[in-house]
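Here's the structure we're looking at; comments come further down.
In this chain, residues are counted from 1 in sequence order. Just so it is clear, the model here is predicted, and its values are computed rather than measured.
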Amino acid sequence: GLEDQILAMVVNVEKPELEQQKQGLVRRQNDFKVTLSQLEDDLLSQLSAADPSTILDNLPLIEGLEKTKATSKEIAIQVALAQKTE
């Protein structure tokens, strides 16, 4: 709210590099959200198109699950670091 805006203005005057770092972190968090959303959409699309009888043999689907899981973990780590920095 208003306190955050005033604090951002003071920090921007006193330590502009910190405000730039914070803005970069906010942009990265937004990028992470977009990436996660795209991965989820892709995964749901693959799951809905998969044949239930051969779903365990569907290598692209399994690889997609692994990629989504790994990316999700990495994003969670980055978000936690960003929140500490913020």
Side-chain angles (χ1 to χ4, degrees):
L2 185 57
E3 279 184 33
D4 290 336
Q5 291 176 358
I6 293 171
L7 180 60
M9 288 171 41
V10 170
V11 169
N12 198 23
V13 170
E14 297 287 323
K15 300 228 179 207
E17 67 278 358
L18 288 178
E19 184 60 25
Q20 289 175 349
Q21 184 181 14
K22 182 180 176 187
Q23 290 174 2
L25 290 172
V26 169
R27 278 193 295 275
R28 282 189 20 209
Q29 285 184 328
N30 289 336
D31 291 344
F32 291 153
K33 288 178 185 178
V34 169
T35 301
L36 276 177
S37 178
Q38 289 172 341
L39 286 172
E40 289 170 358
D41 289 347
D42 291 345
L43 189 57
L44 288 173
S45 176
Q46 288 179 0
L47 282 170
S48 67
D51 179 9
S53 62
T54 61
I55 199 164
L56 295 178
D57 298 326
N58 189 335
L59 233 43
L61 178 61
I62 293 170
E63 289 169 353
L65 283 167
E66 290 296 324
K67 179 183 176 187
T68 300
K69 181 179 174 183
T71 305
S72 179
K73 280 185 180 179
E74 180 62 31
I75 287 174
I77 291 168
Q78 294 296 325
V79 166
L81 288 173
Q83 287 175 344
K84 277 186 184 179
T85 303
E86 203 176 283

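Note: Glu74 CD to Thr71 OG1 = 8.5 Å, rounded to the nearest 0.5 Å. Separating the NZ atom in Lys73 from the CD1 atom in Ile77 is a distance of 8.5 Å, to the nearest 0.5 Å. Annotation: the span from Glu66 atom CD to Leu59 atom CG amounts to 11.0 Å, rounded to 0.5 Å. In this structure, OG1 on Thr68 lies 7.5 Å from CD on Gln46, to the nearest 0.5 angstrom. Once rounded to the nearest 0.5 Å, the distance linking CG of Leu36 with CG of Asp41 reads 11.0 Å. Taken from CD in Gln29 to CZ in Arg27, the straight-line distance is 12.0 Å, to the nearest 0.5 Å.
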- Query: What's the verdict on side chain to side chain contact (heavy atoms under 4.5 Å, CB included) for Gln21 and Glu17, showing C-alpha distance, side-chain angles and the deciding distance?
  - Reply: CA-CA 6 Å; Gln21 184 181 14; Glu17 67 278 358; over 6 Å; no
- Start with the C-alpha distance between Val34 and Asn30, add both sets of side-chain angles, then the distance that settles side chain to side chain contact (heavy atoms under 4.5 Å, CB included), and finish with yes or no. CA-CA 6 Å; Val34 169; Asn30 289 336; 5.7 Å; no
- Run the numbers on Ile55 and Leu47 for side chain to side chain contact (heavy atoms under 4.5 Å, CB included), then give the verdict. CA-CA 8 Å; Ile55 199 164; Leu47 282 170; 4.1 Å; yes
- Item | Verdict with reasoning, Leu39 to Thr35, per side chain to side chain contact (heavy atoms under 4.5 Å, CB included) | CA-CA 6 Å; Leu39 286 172; Thr35 301; 4.2 Å; yes
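The closest donor-acceptor contact from the side chain of Ser37 to the backbone of Lys33 lies at 3.5 Å or more, if one exists at all.
Other residues, nucleotides and ligands contribute only 12 or fewer heavy atoms inside 6.0 Å of the CD atom of Glu3. The environment of CG in Leu56 is sparse: at most 12 heavy-atom neighbours from other residues, nucleotides or ligands sit within 6.0 Å.
Taken together through direct or relayed side-chain contacts under 4.5 Å among Ile, Leu, Val, Met, Phe, Trp and Tyr, Leu18 and Leu7 form part of one hydrophobic cluster.
Closest heavy-atom contact between Gly64 and Leu43: C-CD1, 4.3 Å.
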